[in-house]
Every structure is written in C-alpha cells, then in structure tokens.
Protein chains: 2
Amino acid sequence: MANPLIRKLQQVIRLSADDQRLLEQATSERVTRFGQREDLMSEGDEPREIHPILSGWACRYKQLEDGRRAVLAFLLPGDLCDPSPLVLGEMDHSVGTLTSGTLAAIPRAVFEELTFHHPRVAQALWREALVQAAIQREWTLSLGQRNAYERLCHLLCELFLRLRIVGLTQGPSCELPVTQAKLAEATGLTGVHLNRMLQELRAANLVVLKGKTLTIPDLPALMAVALFSPNYLHLTREGSAGESHEAAAHRVSNHRSDSAHPGGR
Amino acid sequence: MANPLIRKLQQVIRLSADDQRLLEQATSERVTRFGQREDLMSEGDEPREIHPILSGWACRYKQLEDGRRAVLAFLLPGDLCDPSPLVLGEMDHSVGTLTSGTLAAIPRAVFEELTFHHPRVAQALWREALVQAAIQREWTLSLGQRNAYERLCHLLCELFLRLRIVGLTQGPSCELPVTQAKLAEATGLTGVHLNRMLQELRAANLVVLKGKTLTIPDLPALMAVALFSPNYLHLTREGSAGESHEAAAHRVSNHRSDSAHPGGR
DNA sequence: CGGGGTATTGAGCCCAATCAAACTATGTGG
DNA sequence: CCACATAGTTTGATTGGGCTCAATACCCCG
C-alpha cells in the first residue's frame, strides 16, 4: 500500500519521481509504532521533528482546567501531527491516539533540506497545512450553526471523503475506529445525545454502522442533510476525486448581494 | 503610527531594518480604502495578491444554503485577509468588512520575492498563518465546550490581546466597532441572548461598554471566568507582552496521565 | 465466564432559541 | 434643527434542543 502522505499530496500537486522517492525515504527512515490512547504530544511540548501518521487514527484535543475536553481535529493516515513545520514553538494543544498505528519522524534538518531544494514538496506541504486550517473553519461553522443531527452527518461526510483521498475506503464503506464518546467530543455533544442522533441516522438509512465499519449507502443524500459542501477540503484543482457534480450547486451564490450583511441570524 | 503588520511580526521574530523597510514599502505601494459592510472577497474567488489590513476591522464568514451564517474569524489591523499565501486556489469562505478602513495589496511577484530572499520575513508570515489556525482551534473549543457567558468573555479577552499586540489599546480600553449581532454570529449565539450575556458581564463589572469603546477593568478576572489561557496566541517566545505570570499556571498539566482519555465528558 | 468499556434507553430539567414588541441611538433630508 | 427612517439594543414570555442523571443491555477480550 502506498504511503498515504505521498498519495494525498500527489492528488493535487504533481510530484516528480524524485520528489516522491525523497518523501518516501524521509517517511520510512524513522518509523515508530504507537498504541491506543497514547499521547503523541502534549500541550507545552516543543516538537523538533515532523510526524506524519502512516497508519491509524489520532486526534488533536484540548482540555479546560475544569476537565471539559474537546476533540479539535481528527488525524488520519497521511496527516501531519505537528500543528505545522516547526515555526511555532510550544504546542497549544495535545495530540492523542485513537487506535494503534505507525508514525514517521522526519528530522528538522531533513525536512528543511526537502522543502528548500524541492519547491513542489514545500508547496504541497504548505497547502496541506492550509487545508487543515480550512477544515478547522468548517468545524467552527458546524459547531456554531448546525444542529446535532447535521453536525454528525457533516463529520461523517468529511471523514469519509478524507479517507477516500488516502485510499482507505472500500466502495461506500470505511473503517470508523472511534468510540461514540470521541465523536461526541468532536461535535460538542454529550455521548448520550450523539447516540440518539446516530440512531436517527440509522433509522433514516443514511448510515450503516456495524462494528467499526461505517457504510454510507447514499453519500449525496447524507451530504444534503449535512449541508455539506466539499469545497473546503480543496480536494483537487477542478473536478474528479470526490468533487461531485453537485459541488458547484452547493456553493453559496452570494457575491456582494445586498443581503450580504443582514442583522442577527 | 507604525504599520500594524510590521509591528506584529516584529513582536516575535526580530526583523532587520532592511526587512522592515521592504515590508513597509510592499504594504504602502498599493493601498485602497474600503467602506463598512463590503465584501473584500467572496467564496469562490481566487486571490492573486496578498491583502494585509492596515486599519479597520473585517471578518471571515460563511453561510449555509438556508441562510444561517457564522463569523469564523475577526480580522484586525495587521492581519492578512487571504486565507494564506496563494497556494490554495479557490476561497472556501468570504471576507467582509465591519468598519471602513484601508487595505494593502501585495502583488504575488513582490510577495514571492520578499519571502524568497528574506527568510525572516517568510518565517514571520508563516508563523502568522499558524497563529490564525491556533485561534481557529480555540474557537472550536469555545463553541464546543464553553457556555454562552464564557464564550463571550473569551472572545473579548482574545480581541483585546490581539489589539494590544498591534498597539490599538489605550490602557484597559480599546475600540470595539462591532454590532452585538456580529458578536453573536461569532459566538454561535442569537443576538438576543448575546445581549443578555453582555448585561450580565456589565452587572459583574467585568466589562464596561460605552458607545464603541470597550473597557476591561480587570483583565485577569475576565480571563479567569473565560478559562482563558493566552498560550494559543503565541504572543512571544517566553515572557513579556501579555504572557502574564499566570499563563503557566493556566496550562493543563496532563501529560500522558492515565486519565488522558476518559469516556464521555 | 466474568468484567470493563461501550452502547442504549428513559425521565426530567435547563440553557439558549424564538417570537414579539418597545426603546434608543444614529443618521438624513427637508 | 426637527421629523422621519433605519439600524441597533433591550425587555418579556414561551418553547425546545440537547444535557443530566441513572439504569440497563451489550460486546469484546482475557
């Protein structure tokens, strides 16, 4: 199975064979295994390397002094654990694993060499960071405006599409190796309520969830109830790979209209 | 008054006189004015330049097909409007102005020249983008875990500190040229409820809001009720400028503890 | 086969939304 | 400089989505 990071970068920015080989080498040099429920990094750490996830799931999370905690992002194979290439100093959140898996470590020096002499790679990684930021914005939108049901639908759509990019879907199905409690933390719901939404989803035949396998029989339908527009994933520069025919239609057509800034909601 | 962008970058990464001069020039070459309630860019646009705000407020926002809308970020003087330096293609959200003000436009070529030959500048801008992403994460946390009252407190703390970085505070006061409706959109509340929270805040003497002037008599107190920890703003590499003595204490001390991954909430 | 983590169900409550109306600035044109 | 219009803020009454607490069922795994 191909390296998920390379596969993902490849999707949007064409990498030379040379670029690919170097990336492949950089991500296979120092690989470590991690178990379930470990912290890969903690708030306050200063990462000195780049850590792409090769397999398994992790999440960014943060907790308040009083114990309330939130999952801020899911990290899938091909994602970088570090908030980004080393310019930022202290971590402002933690990264914990959700499953066991494998993690690469690219030393700072190798990374700098790579981005310095291989602008395509640098650009691709840059872009990756920006997509992560776009996802974060979409989560903000979800939490602020979507209700519990829509939020869950939206999250499932996103995860499915992101998994598809790295080749981790089989037809309409994918692994969802995550407890309902974690999904709840990510959607800002309680476990109890998330469970209820999940049941509604099943009753509506929008989702089949059996064991750790998620099946989405009718993705466009699920996207519709989630008000999901895939543009924020920047899947590719025009068409193909998940950018469905309705993506364009989904876009809000509100360019400088008079109603651009109405009052309350 | 100094250029707010330079002032902000300067804060954390020491720029040479040469770097500063070039930045100064780049941001003063092509300056335009904007009015209140204009769209600076719309979802679907492909920005070809970098646009730092020199004065005035704007916001990133997004709306769902059914009209629900959210403010995803506030853009203050010194912030870059573009989601980031040009690698991403289509905008996945819009940017609208909240006040009148002035906007610089740095042509792509100038920008590339600047970042290419002036690594400190590139690094500083990089860092800026990462801080914006960290802010977005904190908003996710707020919307998911903080209640209405805390959310408002948290937002006011953040805005105040961010304004302070660019020198737009006078002692405990700053301008808050924003309607309650916008604050509501940013906190995921209705205008009505936001107003009620604001009154509670006033009653508790945590905030004085008169006209468009916000005064925070006791910032540490406000930060305490907001569960506000300034680390995510990455104000500086150790100490000074807002990194107060209690910042360290605020940090969650949860490194690889057994309770790192408890069940629900 | 027991046990801990996980999922499910039920009943009651509360925070924030909704609806509706009044009140207060802030303009703007006559 | 007033009168009207408009945007923004404030207040009250009511509703409801999602939370809480608590108990039960499930399922994987040692």
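These figures come from a predicted structure and were not determined experimentally. Sequence lines set the chain letters: A, B, ... in the order given, protein chains first and strands last, and positions in each chain run from 1.
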Is any N or O donor-acceptor pair between the side chain of A/Arg151 and the base of D/dG18 shorter than 3.5 Å?
no
Once you apply a heavy-atom cut-off of 4.0 Å, does A/Arg202 come out as touching a base, just sugar-phosphate, or nothing?
sugar-phosphate
Find which nucleotide of DNA chain D each of A/Gly211 and A/Val192 is nearest to by heavy atoms, and output the residue with the more 5' nucleotide.
A/Val192
If the plane angle is over 60° it's perpendicular, under 30° parallel, otherwise tilted; pick one for A/His154 and A/Phe228.
tilted
Quick one, B/Leu176 and B/Leu163 - any side-chain contact, counting heavy atoms below 4.5 Å?
no
Test side chain to side chain contact (heavy atoms under 4.5 Å, CB included), reference A/Tyr61, set A/Asp39, A/Val95, A/Leu72, output is A/Asp39
Nearest-angstrom distance from the residue atom CZ of B/Arg146 to C1' of C/dA16:
18 Å
Calculate the interatomic distance between B/Gln145 atom CD and C/dA16 atom C1'; express it in whole Å.
16 Å
Tell me the interatomic distance from B/His193, atom NE2, to C/dA20, atom C1', rounded to whole angstroms.
18 Å
When rounded to the nearest 0.5 Å, the distance separating CG of B/Leu161 from CG of B/Leu156 is 11.0 Å
Using atom CG of B/Asn195 as one end and atom C1' of D/dG12 as the other, report the distance to the nearest whole Å.
13 Å
For B/Glu200 and C/dA16, give me the distance from atom CD to atom C1', rounded to whole Å.
12 Å
Without decimals, in angstroms, what is the distance between A/Leu198 CG and C/dT9 P?
11 Å
Please determine if a side-chain N or O atom of B/Gln180 lies less than 4.0 Å away from the OP1 or OP2 oxygen of D/dT10.
yes
Please give, in whole Å, the distance from C/dG5 P to A/Gln36 CD?
12 Å
Which of C/dA7, D/dT10, C/dA17 is nearest the side chain of A/Thr179? It is C/dA7
Which whole-number value in Å describes the distance from B/Lys212 NZ to C/dG27 C1'?
13 Å
base_contact_polar (D/dG17 base, A/Arg196 side chain, donor-acceptor, <3.5 Å):
no
The side chain of B/Arg37 is closest to which nucleotide in this list: C/dA17, D/dG8, C/dT8?
D/dG8
Taking all heavy atoms of A/Lys8 and all of A/Val166, pick out the closest pair and write down the distance.
CB-CG1, 4.0 Å
